[in-house]
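Below: the structure, in structure tokens.
Note that the structure is predicted; figures quoted are calculated from it, not measured. Both backbone and side-chain heavy atoms feed into the values below; hydrogens, waters and symmetry mates do not. All chains are named by letter (A, B, ...) in the order of the sequence lines, taking the proteins before the strands, and each is independently numbered beginning at 1.
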There are 2 protein chains.
Amino acid sequence: MEAEVLSKPSTLADTVFDQIRTAIVKGELAPGSKVNEPQLSRQYGISRGPLREAIRRLEGCKLVEITPNVGAKVVSLNIEQAIEIYEIRESLEGLACRLAASRATAEDCLKLRQLLANHEKQIESENGRLYYQKEGDLDFHYLIVQLSGNTRLFNFLCGELYHLLRLYRVQTSSGPSRPEQAFKEHHQIVDALENRDEELAEMLMKRHIAGARKTLINQLNQ
Amino acid sequence: MEAEVLSKPSTLADTVFDQIRTAIVKGELAPGSKVNEPQLSRQYGISRGPLREAIRRLEGCKLVEITPNVGAKVVSLNIEQAIEIYEIRESLEGLACRLAASRATAEDCLKLRQLLANHEKQIESENGRLYYQKEGDLDFHYLIVQLSGNTRLFNFLCGELYHLLRLYRVQTSSGPSRPEQAFKEHHQIVDALENRDEELAEMLMKRHIAGARKTLINQLNQ
DNA sequence: CACGCTTATATTGTCAACAATTAAATTGAT
DNA sequence: ATCAATTTAATTGTTGACAATATAAGCGTG
């Protein structure tokens, strides 16, 4: 009957998986660099057994690529691969937004508005600090996917695809462009959610993401 | 300069990963059953090290669920989870079909027609053998996803989601219903691909999959 | 007979050592 | 000095043993 309810039993492989994943999406482990098992096992103070299990989980998240008898490398995304990710993201977040429109309560929408208000305040006050800005952008999308109620969709987008996007942003050191435009679109999306307009919500979200995708395509063709 | 080009170097963990995955989607490892490491390591003649790595890869494919200090269990999908998968599938295969419409050549479409002809022949001749039928259905979708040209989309659908669908079909011993209707819709889809009608192709594919999804929802509500 | 506690067993988690393969360094020849 | 071949070193793949945890069995008490 102790207050041990929150303590989640975790294995070494799981904790070091989290640590390495964070290191990758923060750019501390450079894209394309080799994942050296002896070095990392020393660094994290564990043996190679659980480390290798963690690496296999990272492979499942597509954050590293393993070549037999050679080792794992931190994934490095080129622009074509980023476009592929945005195509998938556009489709799935459109779905998520449509589902969210059919499920979101008034409190949910209020929470979204508050989130947007916080972001706007942060942008206005400290224009230079891009970090919170881009994380904030993902926060908004994160919450909408959560409201969709589709657990598997949530796990895929928030547990895999968003991490890859963070990696690409760090890699190209590109925050999300046109923040003021993005905020307008975000509010439009919440409007649609409040009105329970599923089709409009899906369309607005897809268009919102398509904007970022088209920016990438322009970079590619230029 | 030997003819060793095709020989792919593979590790024990990778080969046993394939074997266990096949065993799971064939139903030889029952959904919900425990994954016993000592037993499997004896069965496949390997030690627990690479076996555990294989299990971690299966976790990445969502085919097993691992609880720390307890072990892995073969995933068992309830109908709600199956509906979640079909929602994702509908969205992503709609995308794949639209992309395929913009990329598919005449030869590609011919190949699709031949595939459908083979399936029809098989259905007519041996009506009872459901196995080829359902695998055939996935073959059609498999090819379209390949034609989309989006490698990541292909890997996710064909390397993860389809395996889960096979698992659910084995689990509920339900082949795809209404095969004659399905064939009509398949041909309509190829028509749209031939005409390079991206919007129609996407719409037809989404409707095609939505049919199966709605069947599930009816089962749930009844 | 049921229930809780203790003991025993089995399974998972972790480690360190060895084998196999790859990458790096050295050597030697042209 | 450059390149190839050989040797050396480092890294990956695999194994078996040990520790920690969880599951099952046995035991006693109410």
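Between B:T11 and D:dT14 there is a side-chain polar atom (N or O) within less than 4.0 angstrom of OP1 or OP2. Put simply, B:R52 has no side-chain N or O that comes within less than 4.0 Å of OP1 or OP2 on C:dT12. Between A:K34 and the phosphate of D:dT11, there is no side-chain N or O to OP1/OP2 separation shorter than 4.0 Å.
Residues forming a side chain to side chain contact (heavy atoms under 4.5 Å, CB included) with A:A13 (at least two apart in sequence, or on another chain): A:T11, A:P50, A:E53, B:R56. The side chain to side chain contact (heavy atoms under 4.5 Å, CB included) search around A:T215 returns A:Q219, not counting sequence neighbours. Listed by chain and residue number, nothing satisfies the side chain to side chain contact (heavy atoms under 4.5 Å, CB included) test with B:Q222 (two or more places apart in sequence, or in another chain). The side chain to side chain contact (heavy atoms under 4.5 Å, CB included) test applied to A:N155 returns A:T151, not counting sequence neighbours.
As rounded to whole Å, 11 Å separates atom C1' of D:dT14 from atom CG of A:N69. Rounded to a whole Å, the CD1 atom of B:I55 is 12 Å from the C1' atom of C:dG13. Rounded to whole Å, the distance from CG on A:L12 to P on C:dG13 is 11 Å. When the C1' atom of D:dT14 is taken as reference, atom CG of B:D14 falls 14 Å away, rounded to whole Å. For B:I66 and C:dT11, the CD1 to P distance is 17 Å, given to the nearest whole Å. Spacing between atom CG of A:L51 and atom P of D:dT14 amounts to 16 Å, rounded to whole angstrom units. Straight-line distance from the CD atom of A:E53 to the P atom of D:dT14: 14 Å, rounded to whole Å.
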Identify all side-chain donor-acceptor contacts of residues 92-108 of chain B below 3.5 Å with residues at least two apart in sequence or on another chain.
{"from": "B:E93", "atom 1": "OE1", "to": "B:H141", "atom 2": "ND1", "distance (Å)": "2.7"}
{"from": "B:E93", "atom 1": "OE2", "to": "B:R89", "atom 2": "NE", "distance (Å)": "2.5"}
{"from": "B:E93", "atom 1": "OE2", "to": "B:R89", "atom 2": "NH2", "distance (Å)": "3.3"}
{"from": "B:E93", "atom 1": "OE2", "to": "B:Y162", "atom 2": "OH", "distance (Å)": "2.8"}
{"from": "B:R98", "atom 1": "NE", "to": "B:E202", "atom 2": "OE1", "distance (Å)": "2.8"}
{"from": "B:S102", "atom 1": "OG", "to": "B:L99", "atom 2": "O", "distance (Å)": "2.7"}
{"from": "B:R103", "atom 1": "NE", "to": "B:S148", "atom 2": "O", "distance (Å)": "3.2"}
{"from": "B:T105", "atom 1": "OG1", "to": "B:E107", "atom 2": "N", "distance (Å)": "3.4"}
{"from": "B:T105", "atom 1": "OG1", "to": "B:E107", "atom 2": "OE1", "distance (Å)": "3.4"}
{"from": "B:T105", "atom 1": "OG1", "to": "B:D108", "atom 2": "N", "distance (Å)": "3.2"}
{"from": "B:T105", "atom 1": "OG1", "to": "B:D108", "atom 2": "OD2", "distance (Å)": "3.0"}
{"from": "B:D108", "atom 1": "OD2", "to": "B:T105", "atom 2": "N", "distance (Å)": "2.9"}

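B:E90 places no side-chain N or O within donor-acceptor distance of the main-chain N or O of B:E87, the cut-off being under 3.5 Å.
Heavy-atom distances under 4.0 Å link DNA chain C to B:N36, B:E37, B:P38, B:R48 of residues 36-50 of chain B, given in residue order.
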